[in-house]
Chemist: 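Structure in structure tokens, see below.
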Amino acid sequence: MGQVSRVLIVGAGVGGLSSALALAKHGIKVIVCEQASSLGEVGAGLQISPNAMKVLRKLGLESRLRPFVFVPQHATIRDFKTGDYYLKVPLGEYASSRYSAPYWHLHRADLHSVLAQACLEAGVELLLNATVTHYAKNTELNQVNLFLKDGRILSADLLIGADGIRSKIREQMLGPERPTFMGQVAWRGVIPVSELRTTIQPDACVWAGPGRHFVSYYLRGGDYVNFVAVEERSDWQSESWREEGDVEELKRAFAGWHPEVSDLLASASSTFLWALNGRRELSTWHEDRVVLLGDACHPMLPFMAQGAAMAIEDAYVLAQCLSRCSIGDALIKYEQVRKPRTTKIQQMSKANAGLYHMHGGAFGKMKLKALQAVSRFVPRVIQSKLDAVYGYDATKDISSLP
């Protein structure tokens with residue numbers, strides 16, 4: 001198969017738009033199909049760690065994003081009741097120096113808007129109200145055809161499925177399979193600082209407690225606070241994967257927690273409730289002229305704050321592979337490079353659920369105490385684990401990657 005000159009992308013989320021921009025910068029014609037009637041992102045805050053920032057910098061977005069960011073000073077884990085620190089790792093200038101890129105907090109909508117504008121400026125075509133039904137090989141032209149619900153048929157050298165955990169492209173490639181409910185739900189929301197009754201520390205903070213945890217951090221230069229409140233549940237009764245949440249139910253679920261948490265939630269007036277879903281490791285990410293990216297191939301629990309970062313890394317590596325290799329070789333190389341890393345991050349994220357939720361009762365508390373001791377007396381052990389995540393640089397020449 002020859003080089004790529006025209007690509008179709010299904011899904012205009014962070015992963016899809018990052019992929020579109022990375023490909024467009026290589027002179028490839030890109031069309032993004034989005035089923036929504038307007039561009040936008042449902043969600044709240046994102047933690048954009050240095051590994052993702054290296055890609056966004058390479059795509060020319062660092063200066064565009066800077067006006068919207070908040071720079072956290074530490075990554076912390078605190079006790080839900082006492083507020084004691086089990087972990088306090090420096091970020092801020094330390095992260096920028098150690099990893100050669102900053103650690104930023106961004107509102108998802110701000111990142112999405114900057115990506116969309118950069119895509120348009122790069123010549124990417126964004127099609128809205130473009131609901132995909134299926135795709136088919138076009139063997140005569142060595143292309144792939146994409147069929148839309150409104151009757152349109154689009155053709156390209158390559159089709160990228162960046163359409164999330166319920167990917168239509170994944171389903172056709174690998175067969176229908178419902179995502180697995182991971183036994184946890186997440187309330188998410190954003191509160192203006194002007195409405196808060198308490199002072200929130202300028203950190204990326206995880207509050208660990210029995211069967212649940214709470215995350216808080218600033219957005220938009222410190223004008224807003226983002227929260228994510230995760231609770232273990234045995235099932236998910238709603239047919240929707242996301243719905244408007246009951247703020248009073250949320251407050252009851254975290255009643256009796258540290259005042260920094262309860263006072264923050266006292267100011268919450270609305271929230272959305274997400275079911276946290278996953279999938280088993282896929283047998284392959286590609287087939288012929290079709291390939292998956294981001295949550296479509298490696299959804300993960302948000303307990304390493306790496307979901308968006310992994311999609312951004314995917315986008316850059318895939319574009320690099322396609323710019324240098326034939327399609328067949330490029331897709332093989334892309335999966336070889338990305339699959340081990342994303343699988344490892346998935347495993348780390350899943351393991352953090354047990355840590356944050358004090359699984360094992362007293363034993364769970366002991367694990368946090370052990371983490372506290374290690375972070376105080378052997379900090380290099382903690383740092384080495386973070387280095388493997390944050391120190392990674394997807395912008396390196398693909399020939400130098402494993």
Chemist: Do Arg338 and Trp285 meet the cation-pi criteria used here (NZ or CZ under 6.0 Å from the six-membered ring centre, within 45° of the axis)?
Modeler: no
Chemist: Does the distance from a Lys or Arg side-chain N to an Asp or Glu carboxylate O, for Glu248 and Arg252, drop under 4.0 Å?
Modeler: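 Judged by the 4.0 Å cut-off on N to carboxylate O distance, Glu248 and Arg252 do not form a salt bridge.
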Chemist: Is any NZ, NE, NH1 or NH2 atom of the basic residue among Glu62 and Lys54 found under 4.0 Å from an Asp or Glu carboxylate oxygen of the other?
Modeler: no
Chemist: Could you grab the distance from atom CG of Leu17 to atom CD of Glu34, nearest 0.5 Å is fine?
Modeler: 8.5 Å
Chemist: Can His359 and Glu232 be counted as having a side-chain donor-acceptor contact under 3.5 angstrom?
Modeler: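 His359 vs Glu232: donor-acceptor pair found between side chains.
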Chemist: Quick one: do Glu335 and Lys333 make a salt bridge, cutoff under 4.0 Å?
Modeler: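 The answer is no: the pair does not qualify as a salt bridge.
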Chemist: I need the single residue from Val124, Val4, Ile160 that forms a side-chain contact (heavy atoms from CB on, under 4.5 Å) with Leu23. Which is it?
Modeler: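 Testing each of Val124, Val4, Ile160 against Leu23, the sole residue satisfying side-chain contact (heavy atoms from CB on, under 4.5 Å) is Ile160.
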Chemist: As an exercise, state the distance from CG of Asn352 to CD1 of Ile77, rounded to the nearest 0.5 Å.
Modeler: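 Here the interatomic distance stands at 6.5 Å.
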Chemist: Do Gln306 and Ser49 have side-chain atoms, one donor and one acceptor, less than 3.5 Å apart?
Modeler: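 There is such a pair (donor and acceptor under 3.5 Å, judged by atom type) between the side chains of Gln306 and Ser49.
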Chemist: Without swapping roles, check the side chain of Lys369 against the backbone of Gly364 for a donor-acceptor pair under 3.5 Å.
Modeler: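 No, because the side chain of Lys369 does not come within donor-acceptor range (under 3.5 Å) of the backbone of Gly364.
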Chemist: Indicate yes or no: does Asp295 engage Arg279 in a salt bridge with an N to O separation below 4.0 Å.
Modeler: no
Chemist: After noting the C-alpha distance and the side-chain angles of Tyr218 and Asp203, does the key distance pass the side-chain contact (heavy atoms from CB on, under 4.5 Å) rule?
Modeler: CA-CA 8 Å; Tyr218 283 102; Asp203 302 325; over 6 Å; no
Chemist: Side chains of Gln172 and Tyr135: do they bring a donor and an acceptor to under 3.5 Å?
Modeler: no
Chemist: Within 45° of the axis and under 6.0 Å from the centre of the six-membered ring of Phe68, does NZ or CZ of Arg220 qualify?
Modeler: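 No, Arg220 and Phe68 do not form such a contact.
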Chemist: Taking it one step at a time, do Val89 and Leu386 satisfy side-chain contact (heavy atoms from CB on, under 4.5 Å)?
Modeler: CA-CA 10 Å; Val89 175; Leu386 296 179; 3.6 Å; yes
Chemist: Over 60° means perpendicular and under 30° means parallel, so classify the ring planes of Tyr390 and Tyr103, tilted if in between.
Modeler: perpendicular
Chemist: Can you see whether Gln346 engages His298 through a side-chain donor-acceptor pair at a distance of less than 3.5 angstrom?
Modeler: no
Chemist: Would a distance-only check, ignoring hydrogens and angles, find a side-chain to backbone donor-acceptor pair under 3.5 Å from Asn145 to Ser155?
Modeler: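 The answer is no, because no donor-acceptor pair under 3.5 Å joins these two groups.
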Chemist: So how far is it from Phe214 CZ to Trp257 CH2, rounded to the nearest 0.5 Å?
Modeler: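 Interatomic distance, Phe214 CZ to Trp257 CH2, rounded to 0.5 Å: 8.5 Å.
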Chemist: Has Arg78 got a side-chain atom pairing as donor or acceptor with Gly83's backbone, closer than 3.5 angstrom?
Modeler: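 Judged by distance alone, yes, a pair lies under 3.5 Å.
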Chemist: Return yes if a side-chain donor-acceptor contact under 3.5 Å exists between Asn129 and Gln35, otherwise no.
Modeler: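 Their side chains do not contain a donor-acceptor pair, so the 3.5 Å distance test is not met.
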Chemist: Test salt bridge (charged side-chain N to carboxylate O under 4.0 Å, His left out) on Arg170 and Asp163 and set out the steps.
Modeler: CA-CA 9 Å; Arg170 185 216 61 81; Asp163 48 342; over 6 Å; no
Chemist: Test ring-ring contact (aromatic ring centres under 6.0 Å, His included) on Phe80 and Trp207; report intermediate values, then the result.
Modeler: CA-CA 5 Å; Phe80 77 107; Trp207 297 85; 9.5 Å; no
Chemist: Charged N to carboxylate O under 4.0 angstrom, Arg166 versus Glu171?
Modeler: no
Chemist: Kindly indicate, with the supporting measurements, whether the criterion side-chain contact (heavy atoms from CB on, under 4.5 Å) is fulfilled by His107 and Leu46.
Modeler: CA-CA 6 Å; His107 197 293; Leu46 288 174; over 6 Å; no
Chemist: Is it true that Asn226 and Ser216 share a donor-acceptor pair across their side chains at a distance under 3.5 Å?
Modeler: no
Chemist: Does a side-chain N-to-carboxylate-O contact under 4.0 Å join Arg152 and Asp150?
Modeler: yes
Chemist: Return the orientation label for the His213 and Phe303 ring planes: parallel under 30°, perpendicular over 60°, tilted otherwise.
Modeler: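 Perpendicular.
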Chemist: What verdict does the side-chain contact (heavy atoms from CB on, under 4.5 Å) test give for Val190 and Leu219, after you've listed the backbone C-alpha separation in whole Å, the side-chain angles of each residue and the deciding distance to 0.1 Å?
Modeler: CA-CA 9 Å; Val190 175; Leu219 296 174; 4.1 Å; yes
Chemist: Please check if the side chain of Thr343 supplies one atom and the backbone of Lys339 the other of a donor-acceptor pair under 3.5 Å.
Modeler: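 The answer is yes, because a donor-acceptor pair under 3.5 Å joins these two groups.
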Chemist: Under the salt bridge (charged side-chain N to carboxylate O under 4.0 Å, His left out) criterion, do Lys251 and Glu249 qualify, and how do the steps go?
Modeler: CA-CA 5 Å; Lys251 293 175 182 178; Glu249 181 186 0; over 6 Å; no
Chemist: Supply the atom-to-atom distance Ile345 CD1 to Asn51 CG, rounded to the nearest 0.5 angstrom.
Modeler: 7.5 Å
Chemist: Is the shortest side-chain N to carboxylate O distance from Glu243 to Arg188 below 4.0 Å?
Modeler: no
Chemist: Does Arg341 make a cation-pi contact with Tyr392 (under 6.0 Å, within 45 degrees of the axis)?
Modeler: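 Because its charged atom sits under 6.0 Å from the ring centre and within 45° of the axis, Arg341 does stack over Tyr392.
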